[in-house]
Amino acid sequence: MPSETAKPPVKLSLPLEYQQDCFSELRNEDELVILARGLGLLRVVTNLLHSYDAIGSNLVVVVGADERENGWIGEALAEHAAISKTPAARGLSQVNTDMMSVGMRERMYSHGGIFSITSRILVVDLLSKLLSPETVTGLVVLHSERVIATSIEAFIIRIYRQMNKAGFLKAFSDNPEPFTTGFAPLASMMRNLFLRKPSLWPRFHVTVAKSLEGRKKAEVIELEVPMTDGMRDIQHAILECVEVSIGELRKADTGLELDDWTLDSALHKNFDVIVRRQLDPIWHRVSYRTRQIVNDLSVLRGILHALLTYDAVSFNKYLDTILAAHQPPPGSNRQNQSPWLFLDAANTMFETAKRRVYTGKPIDGEVPEALGALPDSLRPVLEEQPKWALLADILEEIERDAYFNPGIRDDSSGTILIMCSDQGTCRQLREFLQNMHVRPQQTNEDDAADGDAEVKASATFMMRRKLRNYLNWKKDFARVSASLFTENQKVLEGFTDQRGADGYRGKGPPNKRRRVRGGSSAAFGGGRPGNSSLQMAEDRDSQVAMLLADIQPTDADGAQKDEVAIDSLDDMEDYFELYEMSDLVVVHPYDGDMDEHVLEEVRPRYVVMYEPDAAFIRRVEVYRSSHDDRNVRVYFMYYGGSVEEQRYLSAVRKEKDAFTRLIKEKGNMAVTITLDGTAPSDPQEQFLRTVNTRIAGGGRLAATAEPPRIVVDVREFRSSLPSLLHGRSNVVVPCMLTVADYVLTPYICIERKSVRDLISSFKNGRLFNQAETMLQHYKYPMLLIEFDQNKSFTLDTFGTDHTTTLSTANNPQDLQSKLALLTLAFPRLKIIWSSSPYQTAEIFDELKKQQEEPDPIKAVQIGLIAGEDPSDQSFNQTPQDMLRAVPGMTEKNLSRITLEVGDLADVSNLTEEELDVMVGKEAGRQVYRFFNRSVLED
């Protein structure tokens, strides 16, 4: 018996010392683990979950995992169960809106196991007691940096801790920067998580350094690549434009803290998002010019990224789209182009980008008549990215190494793994590697000088093809340039929300989504309008035609295979075979924690980091230190003196500084004693909270036997208001409501709208139907218009731009006019204005004073047809909102189509006759024409 108890119950896959120490701490006590990026956070999480899963009787809930992490955790738990041979292990069960009904979830919870549940479902199940918090063994919270006071995850943790004092609670994060912003940020986060102890594991931690810097250290070869003169000139020009733009922002006198608005800060990937977030509270008072400059910062940072990742042709194409989006169409009298376009640096940027692609070629030694005049013909330059030649040299070196040293044998597969920033760079490198030894046919003059050129890798073939596509594309670009400018102006004037909460990582500015594949920008041949201060030389049609003739496809082009989009895979044995792993070159984008899977599955002998990434370097270190029998050689490439190098060094420095501040705060942090939720435990205090002391107007002192109750629609749990209501000692009852979003009393119901929802509800007419149904069933219906606490408390989203007439009350499309019409149509409808969810919670408390408590059963039945099941109303809201925007779609037609048709794809495929039967002849004709209209028509 003693020998059996001494035997470990499970087998863990934690080969490194710091992983084992972290696991031991987590098993012994509840804590917040903050691990540096790339050190294998999910590996620790999966081993911890497996230690609970192996017992078989536990019910553990994982909160905050995304879809890919769920796949990783599920696969890892299955592998652990097979290796440990634990028959009681059940693996990971996912609970989301696409899978299971209420009854199925209840049965699954009763059996126990490891569950990854979406936050909105989990909070509803906890409040409705479908999942009793007392039965939960423990809670595992991923991405704990997102757990702020108003988040739904903080709501879940509060409910869990109030009802379950014995269960464990573990929180994880690999992003230390959010824990260092604000006043005592770590202590605030610990309060939100109901935890007392933080556990910090930076890269410079003694145990981590000893684990990764031993004798099994990976071989790293650092390669600094010099930029070409053209790239260096363009980078300097872009940085000058950024510096001038920041200077203009500082002159705007916004009254904000401007110390961090510097050129060095602008290199950080979230700088434009930070600037916009700081300006949001005063956005209605910001001038049009300031808004334009904020948008320009995003554009310039996108150009800076494209310079180092795009080839010369695609970069020039990208600049053309940028120019078209920021200049008025021909004949327009608008004079509001971006200020940076008028700088000499902008002219340098555009001219140098064009010279990298093609330039003038004088004929027979002729000298141009006038200074600055274009020569009679153009010749291709097609400057190649410096990293391409170095990548070819690296591959050649690897081939020589494998040929002259064939005796080195280990568990590595011999595969070459090339890592880069995004899918676009992957496609570019794949095309280069496929065609780097292909040569277009040389002219007679070039044959003599061919010499050694055949031996070296070159991208000439690929670049010639890109230039042909670019010149053909440029002919049709004028048709869309005007629409690009119009769309950009809508963004600046506030019609379209500027999105940037996830930061910028390998993606272009907002207008990049309108570019064609491979480029994202157009050539700037369109020139500037005649009244602009910056004139661009325009290529004549004859010049473009001669350039096209110069780069026509040759026999070598015809010999290359086209990309196969669809393959029937017939006769696979005749055409397909498995390659040896040592023959493969795998090109893969950086993908966060998923890169660990790539390393484990590919087992590369050589890794080429085409672009620097600090987290991936650590993952290689962890991979090499975890396997004694796998040797890895890493080639680390970066452009010397470039923004790429500065961003990498800045990211490493910021993470180190964040951990340093966290260590200092941890040493001085006060320990929070009450970690059992916000509900008072003293019976006398509980009673006092239910006493109504307001006796004005003849009222009497009264006390209720239970805390106040609010019935909330389950779809409202996407917002933070239910969490704040629960935090104010209200009992939140989640129900599927047909009428209203919140029921405060038997007579008061409230429909909550954010400003964005309000605008969309006015557009599709849904708000009028909702107001009508509330008036039918409740004595005091109310419309709550709730603003974001971090944004301005005003409807004047168009700022001080008086050039448009959209802010005048005479326009029937104006939001204020529609609100006035709504109050005229429904005089009994009360409108409540709230500056934030916090103020809304206070308003609800005031409205509920001296009022009866609502009955959840009656609230659910209101608005239903006799005998109708409330669960039948639980349709997905997003497709319904999309259908409301279709011409001819009324609320009555929408409900009929929703009941009879499965999804949007089926609606779009209905015939006109089938639609006539459902929604009527005229409405059916409009719906059918909408779905069957050609997108190419004007």
Side-chain angles (χ1 to χ4, degrees), residues 9-10 12 23 26-33 42 44-67 69-81 84 86-144 147 152-172 193-195 675-677 717 734:
V10 293
L12 302 177
F23 176 83
L26 286 166
R27 285 292 298 183
N28 294 329
E29 55 186 327
D30 294 347
E31 62 182 15
L32 165 65
V33 174
L42 279 183
V44 177
V45 173
T46 52
N47 279 272
L48 178 69
L49 291 175
H50 174 60
S51 67
Y52 291 107
D53 186 31
I55 300 174
S57 59
N58 290 323
L59 173 57
V60 180
V61 178
V62 180
V63 180
D66 58 33
E67 186 176 350
E69 289 167 340
N70 283 331
W72 176 313
I73 295 172
E75 184 179 333
L77 288 179
E79 291 178 359
H80 282 305
S84 300
T86 49
R90 303 181 184 182
L92 181 72
S93 301
Q94 295 185 44
V95 178
N96 54 42
T97 53
D98 299 325
M99 290 177 56
M100 33 198 88
S101 62
V102 172
M104 187 182 300
R105 295 206 303 270
E106 189 173 16
R107 287 193 298 272
M108 292 178 64
Y109 296 151
S110 64
H111 294 153
I114 310 292
F115 291 91
S116 178
I117 312 175
T118 57
S119 298
R120 194 171 67 88
I121 292 178
L122 179 57
V123 71
V124 171
D125 288 350
L126 289 173
L127 288 171
S128 61
K129 302 295 183 178
L130 187 69
L131 172 60
S132 178
E134 294 85 353
T135 63
V136 177
T137 307
L139 207 63
V140 174
V141 183
L142 302 183
H143 301 291
S144 56
V147 183
I152 194 169
E153 289 79 13
F155 191 9
I156 291 169
I157 297 170
R158 190 193 315 131
I159 298 170
Y160 170 70
R161 261 299 167 242
Q162 285 181 2
M163 302 294 184
N164 188 339
K165 307 294 192 300
F168 70 79
L169 177 58
K170 324 284 186 185
F172 298 89
L193 293 167
F194 293 94
L195 291 172
L675 291 174
D676 56 349
F717 283 90

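Sequential numbering from 1 along the given sequence is applied to the chain's residues. These numbers come from the heavy atoms of this one structure, side chains and all, not from hydrogens, waters or symmetry mates.
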Subject >> Which atom of Tyr109 lies closest to which atom of Leu130, heavy atoms considered >> reply: CD1-O, 3.9 Å

**OP:** Check whether any side-chain heavy atom of Val44 lies under 4.5 Å from a side-chain heavy atom of Val33, and answer yes or no.
**Re:** no

Original post:
Between Ser51 and Arg27, which heavy-atom pair has the shortest distance, and what is it?
Top reply: OG-NH1, 3.1 Å

Subject >> Shortest non-hydrogen contact between Tyr160 and Phe168, atoms and distance >> reply: OH-O, 2.9 Å

Original post:
What pair of heavy atoms forms the shortest contact from Pro133 to Asn164, and how long is it?
Top reply: O-ND2, 2.8 Å

Original post:
Salt bridge check: are Arg120 and Asp125 linked by an N-O gap of less than 4.0 Å?
Top reply: no

Original post:
Is the cationic atom of Arg105 (NZ for Lys, CZ for Arg) positioned less than 6.0 Å from the six-membered ring centroid of Phe115 and within 45 degrees of its normal?
Top reply: no

Original post:
Is there a donor-acceptor pair closer than 3.5 Å between any side-chain N or O of Lys170 and the backbone N or O of Val45?
Top reply: no

**OP:** Give, for atom CD of Glu29 and atom CG of Leu195, the distance between the pair rounded to the nearest 0.5 Å.
**Re:** 10.5 Å

Subject >> Positive for side-chain contact (heavy atoms from CB on, under 4.5 Å) with Val61, one of Val140, Leu139, Leu126 >> reply: Leu139

Subject >> Taking every non-hydrogen atom, the tightest pair across Ser84 and His50 >> reply: OG-NE2, 3.1 Å

Original post:
What heavy-atom pair brings Leu77 and Gly91 nearest, and what distance separates the two atoms?
Top reply: CD1-C, 4.1 Å

Subject >> Straight-line distance of Asn70 CG to Leu92 CG, nearest 0.5 Å >> reply: 6.0 Å

Subject >> Residue pairs passing the side-chain hydrogen bond (donor to acceptor under 3.5 Å, both in side chains) test where at least one lies in residues 129-139, sequence neighbours excluded >> reply: Ser132-Glu134

**OP:** Start with the C-alpha gap between Asp53 and Asn58, add the side-chain angles, then the distance that decides, and say whether side-chain contact (heavy atoms from CB on, under 4.5 Å) holds.
**Re:** CA-CA 7 Å; Asp53 186 31; Asn58 290 323; over 6 Å; no

Original post:
Leu122 versus Phe717: any side-chain heavy-atom pair under 4.5 Å?
Top reply: no

**OP:** Give, for atom CD1 of Ile114 and atom CD1 of Ile73, the distance between the pair rounded to the nearest 0.5 Å.
**Re:** 10.0 Å

**OP:** Say whether, by atom type as modelled, one donor and one acceptor occur between the side chain of Glu69 and the main chain of Asp66 under 3.5 angstrom.
**Re:** yes

Original post:
So do the side chains of Val141 and Ile157 get within less than 4.5 Å of each other, counting heavy atoms only?
Top reply: yes

Original post:
Does a side-chain heavy-atom distance below 4.5 Å link Phe23 with Leu48?
Top reply: yes

**OP:** Kindly compute the distance separating CG (Asn47) from CG (Leu42), expressed to the nearest 0.5 Å.
**Re:** 11.0 Å

Subject >> Distance-only polar pair, side chains of Glu153 and Ser119, donor-acceptor under 3.5 Å >> reply: yes

**OP:** For residues Ser144 and Leu32, determine if any side-chain heavy atom of one lies less than 4.5 Å from a side-chain heavy atom of the other.
**Re:** yes

**OP:** With the side chain counted from C-beta on, respond yes when Leu131 and Leu59 share a heavy-atom pair under 4.5 Å apart, and no when they do not.
**Re:** yes

**OP:** Please tell me if the side chains of Val63 and Val147 come closer than 4.5 Å, counting only heavy atoms from C-beta onward.
**Re:** no

